[in-house]
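Okay, so here's the structure we're looking at.
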Amino acid sequence: MKEIKKIGILTGGGDCPGLNAVIRGVTKSAISRHGWEVIGIADGFEGLVEPKGRIRELTLWTIRGILHEGGTILGTSNRGNPFNYKSIVNGKEKVIDVSKVAIRNVEKLGLDCVVIIGGDGTLSIALEFYKRGINVIGIPKTIDNDIMATDYTFGFQTAVVTATEALDKLHSTAESHHRAMVIEVMGRYAGWIAIESGLAGGADCILIPEIPYDINKLAEKLNSRSAAGSKFSLIVVAEGAKPVDGDISVLKGSDKGFGIERLGGAGNRIATEISELTGMESRVTVLGHVQRGGSPCSFDRILSTKFGVAATELIAKNRFGEMVCLHNNKISSIPITDAINSLKLVEPDGDLVRTAESIGISFGR
Ligand code: F6P
């Protein structure tokens, strides 16, 4: 059993509410319970490749007051993959493998383990380092809630609360103006934020990637509401929603080469089409990064703290290469290799969809 003295911690990929609560959970339990030193690595993997000015000790003092803060005190990056690192070589931008530099820096820092907090992409990089002999522990994060191995990721519930509040606000203005209000929410290729906020916010239609929509069915729903006296409608559109005969909407300049496809435009497309088909006036709200910011809700603070503490317990047991997760409402762990590369999607005929359809919500099918 390896004796642990010093651990590192970094946050990679997009930020989300609850990251600071995890950093706090890991640091508090590492210092108070296990007596380890904790090193914060700034800006995700970039901090391991180019550590100058990016390494600092985390103490009980430096992590005070961060539980309720959004973002990450360590900073993050979704472009610093050391195995595919953008660098300037002889004046030209090139993509090179600098993973050996990162490994050397872990050794120089004397880190017995690195806690890596991130989504699918970040955890895949963590696995590559593990395969090359670096002790890592993964902690899953994403507002999209699309990581298969865990019932929930922290950040998701906060995003749902934010989207629900937006729907509550749109409701009154939609009704006053007899408009079709379209709200586009995040989630990438999964419809979790859309379906949960749509249910909580009283949406009339919810469009998710898992159920390709027929725009005519959507128009029928709006027309039947109008005929019954409800001259307004609320439509939640997941950014990854797609028509039965088409593809998802991707923003121009998306960086597919780095595996980062930027989604966007689904809401505008749908608003234009329903106006044409129904004659209703429509407006679009793209909620965007508001969903990623702000203070985590209490569920996320608790889950983050549990994940942070569980990560230190795995380290103490030398269970490197594993990722903490929530399974049937219990904190557990799974090898990172089994946790990545398969998305957790909304079941088209599962509980949530059946519940929604039973109360008259249309998925455009
Ligand atoms: O994965 C989290 C997420 O917020 C997605 O829901 C969204 O598609 C994407 O990240 C946005 O990424 P960026 O912050 O790079 O624009």
Side-chain angles (χ1 to χ4, degrees), residues 11-19 22 43-46 70-72 74-81 84 86 116-126 138-150 152-164 166 183-198 206-210 236-242 247-269 284-294 296-297 300 303-304 339-346:
T11 51
D15 67 348
C16 86
L19 283 171
V22 178
D43 305 332
F45 292 107
E46 283 181 31
T72 159
L74 293 176
T76 185
S77 161
N78 50 15
R79 293 194 175 258
N81 179 353
N84 266 310
K86 266 190 191 171
I116 296 175
I117 312 169
D120 211 52
T122 302
L123 293 170
S124 307
I125 298 169
I139 302 186
K141 79 70 251 200
T142 166
I143 62 163
D144 305 335
N145 200 36
D146 59 356
I147 297 182
M148 188 53 119
T150 185
Y152 283 106
T153 44
F154 60 87
F156 166 66
Q157 289 295 347
T158 305
V160 170
V161 169
T162 301
T164 304
I183 173 171
E184 181 183 304
V185 297
M186 284 184 166
R188 293 194 76 76
Y189 310 108
W192 296 106
I193 299 177
I195 194 164
E196 292 220 352
S197 65
I206 303 173
L207 304 182
I208 57 175
E210 295 86 345
V236 180
V237 178
E239 61 181 356
K242 57 181 177 209
D247 213 345
I248 55 171
S249 305
V250 175
L251 292 175
K252 273 196 190 139
S254 281
D255 202 346
K256 269 195 164 176
F258 282 87
I260 304 165
E261 187 178 48
R262 290 183 59 212
L263 308 188
N268 275 305
R269 169 155 88 174
V284 185
T285 302
V286 180
L287 208 51
H289 291 77
V290 169
Q291 294 157 96
R292 289 237 303 260
C297 65
D300 284 336
L303 184 61
S304 300
I340 51 177
N341 294 330
S342 82
L343 287 184
K344 183 178 68 190
L345 299 174
V346 176

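Note that the structure is a prediction, hence the values are computed from the model and not measured. Remember, it's 1-based here, ligands and their atoms both numbered in the order they're listed. In this chain, numbering begins with 1 at the start of the sequence shown.
A salt bridge does not link Arg188 with Asp144: every distance from a Lys NZ or Arg NE/NH1/NH2 to an Asp or Glu carboxylate oxygen is 4.0 Å or more.
Residues Ser77 and Asp43 have side chains that never bring a donor and an acceptor to within less than 3.5 angstrom of each other. Remark: the Glu239 side chain and the Tyr189 side chain contain no N/O donor-acceptor pair separated by less than 3.5 Å.
In terms of protein heavy atoms, atom 11 (C) of ligand 1 is closest to Arg292 NH1, 3.6 Å. At the top of the distance list for atom 15 (O) of ligand 1, counting protein heavy atoms only, stands Asn78 ND2, 3.5 Å. Ranking protein heavy atoms by distance to atom 14 (O) of ligand 1, first place goes to His289 NE2, 2.8 Å. Counting only heavy atoms of the protein, atom 2 (C) of ligand 1 lies nearest to Asp144 OD2, 3.3 Å.
Taking every heavy atom of Gly187 and a limit of under 4.0 angstrom, the matching atoms of ligand 1 come to 6 (O). Counting the atoms of ligand 1 from 1 in the order shown, those under 4.0 Å from a heavy atom of Glu239 are 5 (C), 6 (O), 7 (C), 8 (O).
When heavy-atom distances to ligand 1 are checked against a 4.0 Å cut-off, Gln291 has no atom that comes that close, whether in backbone or side chain. Residue contacts with ligand 1 for Ile143 involve side-chain atoms from C-beta outward but no N, CA, C or O (heavy atoms, distance under 4.0 Å).
Residue Arg188 holds the heavy atom nearest to atom 9 (C) of ligand 1 of all those in Arg188, Glu261, Lys141.
Note that the OG1 atom of Thr150 and the CG atom of Asn145 stand 7.5 Å from one another [nearest 0.5 Å].
When the salt bridge (Lys or Arg N to Asp or Glu O under 4.0 Å) test is applied to Arg269, no partner is found at least two apart in sequence or on another chain. Under the salt bridge (Lys or Arg N to Asp or Glu O under 4.0 Å) criterion, Glu46 pairs with Arg54, sequence neighbours left out.
What you find for Ile248 and Gly240 is that their closest heavy atoms are CG2-O, 2.9 Å.
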